[in-house]
Each structure stands twice: as C-alpha cells, then as structure tokens.
2 protein chains.
Amino acid sequence: MRDTGMGAGLGGESLLFLTDEQLRQGIEAMFFAYRGFTADPDRILADLAYGRAHHRAVHFINRAPGTTVNNLLNILGVTKQSLNRVLRTLIADGLVESRVGQHDKRERHLFLTEDGHALEQKLSDAQRARMRTAFREAGPDAVGGFRRVLEAMMDPEMRRAYARLKENGS
Amino acid sequence: MRDTGMGAGLGGESLLFLTDEQLRQGIEAMFFAYRGFTADPDRILADLAYGRAHHRAVHFINRAPGTTVNNLLNILGVTKQSLNRVLRTLIADGLVESRVGQHDKRERHLFLTEDGHALEQKLSDAQRARMRTAFREAGPDAVGGFRRVLEAMMDPEMRRAYARLKENGS
DNA sequence: CAGCTTACGTCAGTGTTGTTGACATTCCAA
DNA sequence: TTGGAATGTCAACAACACTGACGTAAGCTG
C-alpha cells in the first residue's frame, strides 16, 4: 500500500498484474512518443545537412564539456568510426573544438564553440518545449512515474551514465 | 489539487515549475531508455539479417491483421518505397502474406503467416519482458504517469493512431 | 629502455533504412 | 471513355550504422 519504502528491485507490489495487452500498449506508446520526441530537432537538422547523430554529439558535449572522445563513445553507444565521421564534420564546420589533453596527451577534450552552443540551444529549445508541454499536460505526478519507468527500462550501464549526468548538471 | 476533472489540455497545475535541468533529464531519460527498449529485439534481429524496420512491420501487421500497405505507411511514418523493400523481403521469406483486396483491387491486405507469427512472438516476448520488469520496478502508480507523459509527447496524428490501436486490441 | 596497452584517427567495404523519381495498375467520376 | 487520383512496385541514391585493418602518438610496466 505505502508507495515508498522498499530499497530495491521488485518484490513488493505483487498485486501488479500486467496483461500482454497493457505491455503492448506500453511498447507502442514508446514507439509513437519517440517519434514525437525527435520530430522537432529532426526538422531543424534537415535544413542544415546534419542528422540525429550530430544532435546527440552536440547534446552530450554541451552536457559534459571537456569530455573525451572515448567517454562520448560509451555514452552514445556507437563505434568510433561512426562517431568520428560526425565529429569531423562538426569540427570542420566550427561547431566543436577538440583540445589535446594536458595530463594525457592522447586524449582529446571536446567543447562547443559559440556557434556550437547556438545550435545546441536551438535544438534543445525545440525539444524542451515539447517535453515541457507533455509534462504539463500529464501533470506532476505523472512526471515522476515517467522517469521511474524509463530509468527501469535502461540497461544497467546506461542507468549509471544517466545518473552520472544527472549529478553533473544538478 | 484534485487530480482529475479537467476535460482537456493544460490550464490546471500552474504550480508545476519545470527547470531546464529537469527537462534535460527527461530528454536524456528518453534517449537512454529507448536504447534499452530496442536492445533485445535488435539482438534477435541481427542473427536473422533483419532490422528494426522489419520488426516494426511485423509488429503492426500482427496488431492489425489485414491492414493495407497505405495504412501501415501512415502508422510507421515512412515512405511507401521504404516500407515496400521491407515487405518484399518479409513476403519472399514467407513471413507475411499479401492478398489483393476484394472490394478494391489496388489495395493489398497484409497478414502474418505461421512463421511470421513465430517471429513476432519471439521479438515481442523479449520486449514485453523488459517492459514488464520496468513496470514492476517502477510500481503501478508510475505506469500511469509513464503512459500519460508519452501520450502527451506524441504528435496529434500519432496520438490518434495509438488510440485506434488501443481500441483494436482491448 | 623495450614492449605492451591505450586513445585516437583513418581507409575501405558492407548493410539497413531512409529518401526521390519514374512507372504500372486500378478505381472513380466527369 | 477518358483523365485524374490512389495504390503499390522498381531503381538509384544518401545517411549512418557496422566490421576489419592499420597508423600514430603517448602512457605504463617490467
């Protein structure tokens, strides 16, 4: 009955029957919602000859300035060849700066330039506006539930990355 | 204060302050969770020389048997040429059957074959298992919130498609 | 110091999935 | 019946992911 108080995992709430139909609806909700989630940035990016991959890179470089290529690789979950193609264009276009590490000269630390910040702002404005509207429509209680389910859906490694970024920005 | 009672839209809940940081966390939660969401089917599909597009087609054909190509197109939000490539391989591999419409011979009605059902089952088993675990971990209250936020995040057109499918399967 | 590992970049090749353009078939209505 | 709209197919191309191989520079360890 009480809503908090179990430290971890499942165990409580054995009342929770989940029919296949409910689960399927959850799956479809994820599918359709993700489309909406990416729709606004995609429209902006299409005009700039950039894609979702560029958006992701810019987002996380903004979020963790000075991050290394390797770290970004782990967060994005792509191969270095794939990321490199994206970073190369962003650097060539003057949106991202790559600085050789002071302590470890093998590392490259990534930063957004002024133009890079401008693009990030433009993209995240659109995405945040949609998120804000959705949160408002759904109500404050829903927001907590939304976040709890999403967090539980992540692979453990990604959950850690997510938590690290949360602390980072708090 | 009361949690229900407003017919539509926003308007209530002006108490709901949303900082950029909260919104950013929501964005990142969507990103990481979607990765988890697709991870299990992706692993299965990789062995079969199929991709996410095949999964989506099989999912929605199972969900709405006899659907037309055009209808599927609207749900998936891709071009007919893109969908056609996927359908062609699924038909060639005997997972999907395409029947010429009786009333309108231009239309093709799509059905899963026995093998198609088997694949759909295998894929959705994996995805439902993750969804079930996530729902259980997050608790019953969270599930409602999750669904409300996702629904509010969809484009209106997709919200209608989602609602239609819900009725269909209820 | 020598040799191994790590971090990063790059080249080449492949596969999936999206796109546009062109086209055939079918239906319907003027 | 003829012309336009709708439905679906084929062909070619672009974006972005992947694997595999290789090169370079820098750090680490015995």
Side-chain angles (χ1 to χ4, degrees), chain A residues 31 34-35 38-39 41-58 61 66-93 96-111, chain B residues 31 34-35 38-39 41-61 66-93 95-111 123:
Chain A
F31 172 69
Y34 197 77
R35 284 256 298 282
T38 57
D42 280 356
R43 264 188 292 273
I44 297 171
L45 290 159
D47 296 335
L48 301 171
Y50 289 145
R52 236 175 252 184
H54 301 84
H55 181 193
R56 291 195 284 259
V58 165
I61 294 171
T67 187
T68 63
V69 172
N70 225 350
N71 183 30
L72 198 52
L73 234 47
N74 291 326
I75 289 175
L76 295 177
V78 296
T79 59
K80 62 177 177 178
Q81 294 90 330
S82 196
L83 176 58
N84 189 259
R85 185 179 349 101
V86 169
L87 282 180
R88 212 185 321 174
T89 70
L90 289 173
I91 291 169
D93 295 352
V96 167
E97 193 188 347
S98 164
R99 298 185 204 150
V100 173
Q102 301 231 324
H103 174 67
D104 187 335
K105 289 181 190 163
R106 291 172 306 178
E107 294 179 339
R108 303 294 142 86
H109 298 276
L110 303 170
F111 300 87
Chain B
F31 172 70
Y34 198 77
R35 285 256 299 281
T38 56
D42 280 356
R43 264 188 292 274
I44 296 171
L45 291 159
D47 296 335
L48 302 172
Y50 289 145
R52 237 175 250 185
H54 301 83
H55 181 192
R56 292 195 283 259
V58 165
H59 174 98
F60 286 108
I61 293 172
T67 187
T68 63
V69 173
N70 218 359
N71 183 29
L72 199 52
L73 233 49
N74 291 325
I75 289 175
L76 295 176
V78 297
T79 58
K80 60 181 176 176
Q81 295 88 333
S82 193
L83 174 59
N84 187 259
R85 185 176 348 95
V86 169
L87 284 179
R88 211 185 323 170
T89 69
L90 289 173
I91 290 169
D93 295 352
L95 301 181
V96 168
E97 193 188 347
S98 163
R99 299 185 204 152
V100 174
Q102 301 231 324
H103 174 69
D104 187 334
K105 288 182 189 162
R106 291 172 303 179
E107 293 180 340
R108 302 296 139 87
H109 298 276
L110 303 170
F111 301 86
L123 291 170

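Proteins come first, then strands; the chains are lettered A, B, ... in the order of their sequence lines, and each starts at number 1.
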Original post:
Rounded to whole angstroms, how far apart are CG on Asn71(B) and P on dA6(D)?
Top reply: 16 Å

Subject >> Partners meeting salt bridge (Lys or Arg N to Asp or Glu O under 4.0 Å) with Arg106(B) (sequence neighbours left out) >> reply: Asp104(B)

Subject >> Check: Asn71(B)/Thr67(B) side-chain N/O donor and acceptor closer than 3.5 Å >> reply: yes

**OP:** Measure from CG on Asp42(B) to C1' on dC16(D) and round the result to the nearest Å.
**Re:** 15 Å

Original post:
When you measure from the side chain of Gln81(B), which nucleotide among dT19(D), dT7(D), dC10(D) comes out closest?
Top reply: dC10(D)

When you compare the protein's N or O atoms with those of nucleotides 13-15 of chain D, which come within less than 3.5 Å of each other, and at what distance?
none

Original post:
Whole Å only: how far is the CZ atom of Arg108(A) from the C1' atom of dG27(D)?
Top reply: 14 Å

**OP:** Would you please confirm or rule out a distance under 4.0 Å between OP1 or OP2 of dC16(D) and any side-chain N or O of Arg52(B)?
**Re:** no

Original post:
What residues form a side chain to side chain contact (heavy atoms under 4.5 Å, CB included) with Val86(A), not counting sequence neighbours?
Top reply: Ala53(A), His54(A), Ala57(A), Leu90(A)

**OP:** Respond yes when some side-chain nitrogen or oxygen of Asn84(B) is under 4.0 Å from OP1 or OP2 of dG8(D), and no when none is.
**Re:** no

Subject >> Value rounded to 0.5 Å, distance of CG in Leu87(A) from OG in Ser98(A) >> reply: 8.0 Å

Subject >> Whole angstrom value for the distance that separates C1' of dA5(D) from CG of Asn70(B) >> reply: 12 Å

So which protein N/O to nucleotides 2-4 of chain D N/O distances come out below 3.5 Å?
none

Original post:
So, do His109(B) and Thr68(B) sit near enough that their side-chain heavy atoms are less than 4.5 Å apart?
Top reply: yes

**OP:** Take Val78(A) and His103(A), find for each the nucleotide of DNA chain D with the closest heavy atom, and name the residue whose nucleotide sits nearer the 5' end.
**Re:** Val78(A)

Original post:
Is there side-chain contact between Val100(B) and Arg108(B), with at least one heavy-atom pair below 4.5 Å?
Top reply: yes

**OP:** Nearest-nucleotide wise, let me know which of Asp104(A) and Thr79(A) is further upstream toward the 5' end of DNA chain D.
**Re:** Thr79(A)

Subject >> Span of DNA chain C, from the first to the last nucleotide whose atoms fall under 4.0 Å of chain B heavy atoms >> reply: dT16(C) to dC27(C)

**OP:** Quick one: list whatever passes salt bridge (Lys or Arg N to Asp or Glu O under 4.0 Å) with Arg52(A), sequence neighbours left out.
**Re:** Asp42(A)

Original post:
Which part of the nucleic acid does Lys80(B) contact within heavy-atom distance under 4.0 Å: base, sugar-phosphate only, or nothing?
Top reply: base

Original post:
In terms of side-chain geometry, is the basic nitrogen of Lys105(B) or Glu107(B) positioned less than 4.0 Å from the acidic oxygen of its partner?
Top reply: no

